[in-house]
Every structure is written in C-alpha cells, then in structure tokens.
S.K.: 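Quick one: the structure is below, questions incoming.
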Amino acid sequence: MAVCTGASSAVAGTVGVIRVIDGDTLDVGGTRVRLHGIDAPEADQTCTTTGGEIWRCGAWVSQTVTARFGGKTARCVSIDTDRYGRMVARCNVDGQDIAANLVTEGLAFSYRRYSDAYTGMERAAASRGAGLHSSRFQSPAEFRKSRSNADAPPDGACRIKGNISSDGTRIYHVPGQHHYDRTRIRTKQGERWFCSVAEARAAGWRAARR
C-alpha cells in the first residue's frame with residue numbers, strides 16, 4: 001500500500017513529524033494516528049512496584065515515547081479508522097516499527113483483540129521484566145473497563161476534566177491536580193472534557209482549588 005500525504009492520507013497513510021499524544025497515539029504531520037496492534041497505559045493510569053509503591057506509569061510511558069520518537073519523521077500505513085476518526089496505522093521511523101519498539105521495551109502491550117503481531121515480543125519483554133513488566137498493573141483495557149461508569153476522553157490530547165459539583169459549580173481539573181485521578185466525567189450529566197484551560201474558562205468552568 002502506498003504511503004502519501006494530503007487529502008488521500010486518511011485512506012493510504014501519512015508522513016510527517018511526530019508529536020506524541022500518549023503511549024499509543026501520535027500526531028504525525030497533523031494527522032492523529034492510533035498505532036495498530038498495541039495498547040499502552042492511559043495517561044492517568046498507575047502501576048504498583050514489587051515493593052508496593054504506586055507510581056504514574058501512564059505518564060511515564062508518554063514521557064518516554066516523547067523522548068524516543070518526538071520530533072522525528074514517521075511513515076505510517078493506514079489499516080483502519082477508529083470510532084474517534086483517528087487513523088489506525090503501522091508507523092516506522094528510519095525503518096523501525098514504532099509499535100514493535102514499544103512492546104519490546106515494555107512500554108506497551110500487544111492488543112490481541114485486533115492483532116497478534118506483537119504477542120511474541122510482549123512475552124519476551126515480560127520474561128526479562130522490561131519496562132512495565134517490572135511492576136504490577138492492569139492491562140489498559142481492564143483499566144478502561146474499571147472506570148466504564150464514566151466517559152473516557154474522545155482524544156488523548158483533551159484531558160482536562162470539566163466536573164459539576166453537587167451544588168452545580170462547574171470546575172475543571174488538569175492532570176496532576178489533587179483530585180484529578182478520582183474525578184470521573186459523565187457527559188450525560190453535562191460534564192465534559194476540554195483540550196485547553198482557555199477552552200474550559202471560555203465555557204464557564206473555574207479552576208479546581210487544588
């Protein structure tokens with residue numbers, strides 16, 4: 001399948017500079033791309049070390065992927081389009097399969113629901129305790145299911161939580177704030193996700209006090 005840019009990129013693929021959204025989602029030359037066949041921890045997901053210490057493994061994965069691939073040029077071949085309108089694709093940098101690298105280094109897992117292409121690599125990573133495999137963790141899919149009573153963000157870049165308190169006050173929480181991780185967003189109740197602080201303020205939400 002040919003890789004090209006422009007209007008046909010949603011069909012064939014895309015080429016461009018990488019901006020990392022999270023562990024398995026990239027912006028490639030302005031096109032939002034979900035890496036095919038792998039699943040990485042959600043940005044707000046935590047893991048537990050063998051010593052019982054809870055740590056922010058999702059944020060660590062995003063930071064590590066950014067350090068490794070951010071700013072480099074990727075060539076992506078489209079496989080599908082997901083329900084959020086993102087291109088689902090296989091991407092490489094200098095001939096290296098990005099997804100394979102992430103699974104091999106223990107930064108992501110084989111997403112068997114959609115592909116077994118990286119299953120062997122995941123087993124090898126687990127056997128040597130690479131990356132996330134040195135901690136106890138939920139699979140990203142299990143983590144998402146565990147919070148299924150709340151709505152997930154429609155896009156990895158839009159992670160500011162617009163919560164409505166019991167007295168009707170509209171409050172936004174940014175990642176890293178005290179109550180961010182335990183705040184659940186229920187869009188059917190008027191709550192919502194924002195992509196920037198400016199957007200939240202313009203919509204009438206105020207900042208959380210901590």
S.K.: Under 6.0 Å between the ring centres of Phe109 and His133?
M.R.: yes

S.K.: Is the backbone of Gly52 close enough, under 3.5 Å, to the side chain of Thr48 for a donor and an acceptor to pair up by distance?
M.R.: no

S.K.: Evaluate the side-chain proximity of Lys72 to Val17: yes if any heavy-atom separation is below 4.5 Å, no if none is.
M.R.: no

S.K.: State whether the side chain of Gln177 and the backbone N or O of Val174 hold a donor-acceptor pair below 3.5 Å, judged by distance alone.
M.R.: yes

S.K.: Is there side-chain contact between Cys195 and Ile160, with heavy atoms separated by less than 4.5 Å?
M.R.: no

S.K.: Do Lys161's NZ or CZ and the ring of Phe194 fall within the cation-pi criteria of under 6.0 Å and 45°?
M.R.: no

S.K.: Will you find, in the side chains of Tyr172 and Arg201, an N or O donor that is under 3.5 Å from an N or O acceptor?
M.R.: yes

S.K.: Are any non-hydrogen side-chain atoms of Arg112 and Glu122 less than 4.5 angstrom apart?
M.R.: yes

S.K.: When rounded to the nearest 0.5 angstrom, what is the spacing between CZ in Arg159 and CD1 in Ile185?
M.R.: 11.0 Å

S.K.: Do Ser135 and Trp55 get their side chains close enough for a donor-acceptor pair, meaning under 3.5 Å?
M.R.: yes

S.K.: Is there a chain of hydrophobic side chains (I, L, V, M, F, W, Y, each step under 4.5 Å between heavy atoms) that links Leu26 to Tyr114?
M.R.: no

S.K.: Indicate whether any N or O donor in one side chain lies under 3.5 Å from an N or O acceptor in the other, for Thr104 and Asn101.
M.R.: no

S.K.: Between the side chains of Tyr111 and Asp24, does any donor sit under 3.5 Å from an acceptor?
M.R.: no

S.K.: Could you see if Val93 belongs to whatever hydrophobic cluster contains Val33? Use Ile, Leu, Val, Met, Phe, Trp, Tyr and a side-chain cutoff under 4.5 Å.
M.R.: yes

